[in-house]
Amino acid sequence: MNDNPPIHPARADLWQQLRRMTPARIALGHAGTSLPTRAQLDFQFAHAQARDAVHLSLDSEALAGELGGNCLLLHSAATDRQTYLQRPDLGRRLDDTSRAVLLQEGNASRDCDLAVVIADGLSALAVQRHAAPLLRQLAERCAAQGLRLSQPCLVQQGRVAVADEIGELLGARASLILIGERPGLSSPDSLGAYLTFAPRVGLTDAARNCVSNIRAAGLSYPLAAHRLHYLLSEALRRGLSGVDLKDESELNSLPGQGQAGAGNFLIGPVSTP
Amino acid sequence: MPRFQHSVGGTRWQFDSLRELMAKASPARSGDHLAGLAAASDAQRVAAQMALAELPLKHFLDEALIPYEADEVTRLIIDQHDAAAFTAVSHLSVGDFRDWLLSEQADGAALAALAPGLTPEMVAAVSKLMRIQDLVLVARKVRVISRFRNTLGLRGRMATRLQPNHPTDDAGGVAASIFDGLLYGNGDAVIGLNPATDSLNGICELLHMLDAVIQRYEIPTQSCVLTHVTTSIEAINRGAPLDLVFQSIAGSEAANASFGVSLALLQEGYEAGLSQQRGTLGDNLMYFETGQGSALSANAHHGVDQQTCEARAYGVARTFKPLLVNSVVGFIGPEYLYNGKQIIRAGLEDHFCAKLLGVPMGCDICYTNHAEADQDDMDVLLTLLGSAGVNFIMGIPGSDDVMLNYQSTSFHDALYLRQVLGLRPAPEFEQWLERMNILRQDGNGLRLAEELPAPLRNALANARS
């Protein structure tokens, strides 16, 4: 008598319920000892999305429209994506044309409190999705305090430090750059924000404060705007940014976060207080 | 007058320094271009390799690539050089050294005896003359064995680091990935977590958690929370159960300074680890990570090509008798290693150089989403490193590190390599897997258990409650 072949040649794992405890790709099952087709293709799709996010170009004009016009459209010294990926030094500087544009059309922004820069970075998708709504929330908080923001400077092929040059040319007290972070498989659209006091060419990351992981499944716009506004206020008040400026706003993060998970179930039953 | 020259194809190629000769002889990679050190043409690269092939090996003892006075890593390399061990090859040129390494004379015993006589620059130089098959064949002859609670590096075996990272270090989330990894037979090299936090309290909690898991299930392995060496020392002072002392290191004093470490600080961390006496089979307890491009990214490369800088990091590593060392080869980014081809070669160079220097080398076979690389490239490097006798690889759920945002080898990938090359886990861990009825040899293949072992079934019930 022959056994009937199993309907599904791949085997599911018996610990499916653990998947709710982590975004990690656990309990994928196995075909032989290899990845089953379903999990294999899910991975390939996530990778494809992340790759597309890296290579998608920033639609500066659409973003400018969303921001209500009056933006400066700039480009870094990295001419294209291939150059950008291999030459971080070029992505940190404006090209000559953009420098001229900034000096000619940026008059309205001279000596502002905050130079606002938006750059594609490694995910134009993140910028396209999150930059405008986040900036709106931040601008409201700044306006309430009477802070003067520059026209938004939209930079293609830009890295974080390009905001140093822009801030310096505008004579801004501080600069903020919203930039697409390196896409992860599960997070192709994660936005980062870097704040720098007294921006000038040649600063390192030690001079900046970073708020990262701004996206739907990560840090919300209100909380990100809250933290950035806190950091900006403190940077302007104390005249510094970077390692000496701690993000103490985290102490009063949004209620509901940090709810207890199931704990380390590998060691004894979870004691519920 | 140029110090090194070579005539070929009707052209006389000239190189002004040993540093320049080494850089121009390096197989192409984006980091050397970024640094302005790479050969200007393919012909210049091969001419440099020809000139390098004629250079006597002992020249590296006379001319330091980074000055002795300016760099403590150079001083370490020169001061610890074992002239007696070197005599076996001291008469050879770099090119003849390649031939000798490939010859039957260079067996495992000869290579082990030679290791203290080699400098990182010598092994970097010869690697530049080698094809991938040479890097595999020679590395395969060398076994570097290390021990803490199990035996790693034996011939015919390969271990995995179970890497249960979670974006917020949530205990349940970390436990879920450990559960998954153990049931796929991973974790003999270490259960090693990259924490999202850098707070000492958080690190200590994680150390207690990993230690409790290892003790509860009597797993013959060790744990590590990959945090700065100073944090590990503080955790030890607080009485946290710390098995392995981790640190990222690089090949120059200035690059190490950018990581906030020095040789003296590494020594302090090593001694703090030894004071705990937590190893049962041995006291190899340092865990180092390295990677091509780290010196350049810290602007601390002194005009030395990135592959040679990387080999110098192994000179640092071997001083502290580590349990585990791995290059994070594709992690540092496409500005250093642009695509799959460059990552594959670099991974094999790193493994080869480390093994010749006597370092228990593994590899984080990995890439980021902005590199021109994919899973096929990783399969190639994985298979080649398995053939080359790599000590350990990473095991990450579904290849997707949800904390560090990059892709490495999965729990399943390790089983693939075991199936194809017959590589077995560390013997003590293999026995545990059999005892737990998790993974067993089935004819020529491997078979995962169809039922959960009782202790883990109970744990799952806890998770349900």
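Bear in mind the structure is a predicted one, so any value in this text is a computation, not a measurement. Order of the sequence lines fixes the chain letters, A, B, ..., with proteins taken first and strands second; residue numbering starts at 1 for each chain.
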CD of A/Q86 to CG of B/N339: how many Å apart, nearest 0.5 Å? 8.5 Å
Given B/D364, which partner from the list B/T409, B/V328, B/D401, B/I393 fulfils the side chain to side chain contact (heavy atoms under 4.5 Å, CB included) test? B/V328
With only heavy atoms counted, which part of A/D13 is less than 4.5 Å from chain B, the side chain, the backbone, both or neither? side chain
All heavy atoms of B/I438 vs all of B/G185, minimum pair found to be CG2-N, 4.2 Å
Examine whether an atom of B/Q407 lies under 4.5 Å from a heavy atom of chain A, and if so say whether it belongs to the side chain, the backbone or both; otherwise answer neither. side chain
Chain A contact via B/D374 - side chain, backbone, both or neither, heavy atoms under 4.5 Å: both
A/G32, A/P88, A/A46, A/A53: which one forms the most heavy-atom pairs within less than 4.5 Å of chain B? A/P88
So CG of A/N264 and CD1 of B/I178: to nearest 0.5 Å the spacing works out to 7.0 Å
Please rank B/T168, B/L439, B/D413, B/L415 by heavy-atom pairs under 4.5 Å with chain A and give me the top one. B/L415
Which answer fits B/Y217, side chain, backbone, both or neither, if we ask what part of it has an atom under 4.5 Å from a heavy atom of chain A? side chain
When you measure from the centre of the six-membered ring of B/Y184, is the NZ or CZ of A/R25 under 6.0 Å away and within 45° of the axis? no
Shorter than 4.5 Å, heavy atoms on both sides: which option in B/V402, B/V213, B/N369 has the most such pairs with chain A? B/N369
With respect to chain A, which residue among B/M403, B/R457, B/E372, B/R418 yields the maximal number of heavy-atom pairs within a distance under 4.5 Å? B/E372
Which bit of A/R11 is near chain B, if near means a heavy-atom gap under 4.5 Å: side chain, backbone, both or neither? side chain
Quick check on the interface: out of A/H30, A/Q40, A/H55, A/E181, who has the most heavy-atom pairs with chain B under 4.5 Å? A/H30
Find out whether the Lys NZ or Arg CZ of A/R81 is both under 6.0 angstrom from the six-membered ring centre of A/Y84 and within 45° of the ring's axis. yes
Lys/Arg N to Asp/Glu carboxylate O, A/R93 vs A/D89, below 4.0 Å: no
Segment of A/A39 engaging chain B (4.5 angstrom heavy-atom cut-off): neither
Toward chain B, the part of A/S190 with a non-hydrogen atom under 4.5 Å: neither
A/L18 CG to B/L183 CG distance, which is reported to the nearest 0.5 Å: 9.5 Å
Which atom names give the shortest non-hydrogen contact between B/S408 and B/I396, and what distance separates them? CB-CD1, 3.4 Å
Please classify the contact of B/P167 with chain A as side chain, backbone, both or neither, using a heavy-atom distance under 4.5 Å. side chain
Just so I understand: if I count every heavy-atom pair under 4.5 Å between each of A/T204, A/T22, A/L185, A/V54 and chain B, which residue has the most? A/L185
Aromatic plane relationship, B/F179 with A/F265 - under 30° parallel, 30 to 60° tilted, over 60° perpendicular: tilted
What part of A/Q44 lies closer than 4.5 angstrom to a heavy atom of chain B: side chain, backbone, both or neither? side chain
Give, as side chain, backbone, both or neither, the part of B/T368 having an atom under 4.5 angstrom from any heavy atom of chain A. side chain
Closest heavy-atom pair and its distance - B/H208, B/A240: NE2-CA, 4.0 Å
Which residue out of B/R447, B/Q215, B/E335, B/H412 racks up the most heavy-atom pairs below 4.5 Å with chain A? B/H412
So for A/L122, is it side chain, backbone, both, or neither that comes closer than 4.5 Å to the heavy atoms of chain B? side chain
Is a side-chain donor or acceptor of B/N186 paired with a backbone partner of B/L162 at a separation under 3.5 angstrom? no
All heavy atoms of A/R92 vs all of A/E165, minimum pair found to be O-OE1, 4.4 Å
Quick check on B/A414 against chain A: is it the side chain, the backbone, both or neither that has a heavy atom closer than 4.5 Å? neither
Checking B/H166 against chain A: side chain, backbone, both or neither under 4.5 Å from a heavy atom? side chain
What closest approach, in Å, do B/M436 and B/P453 show between heavy atoms, and which atom pair accounts for it? O-CB, 3.1 Å
I'd like to verify something: which residue of A/L28, A/N213, A/I26, A/L14 has the highest number of heavy-atom pairs under 4.5 Å with chain B? A/I26
Judged by modelled atom types alone, do B/D180 and B/S177 share a side-chain donor-acceptor pair under 3.5 Å? no
Pair count under 4.5 Å, heavy atoms only, with chain A: among B/S30, B/G181, B/A212, highest is B/A212
Heavy-atom distances under 4.5 Å only: say whether B/E450 touches chain A with side chain, backbone, both or neither. both
What part of B/Y336 gets within 4.5 angstrom of chain A, counting heavy atoms only: side chain, backbone, both, or neither? neither
Contact part of B/L404 toward chain A, heavy-atom cut-off under 4.5 Å: side chain, backbone, both or neither? backbone
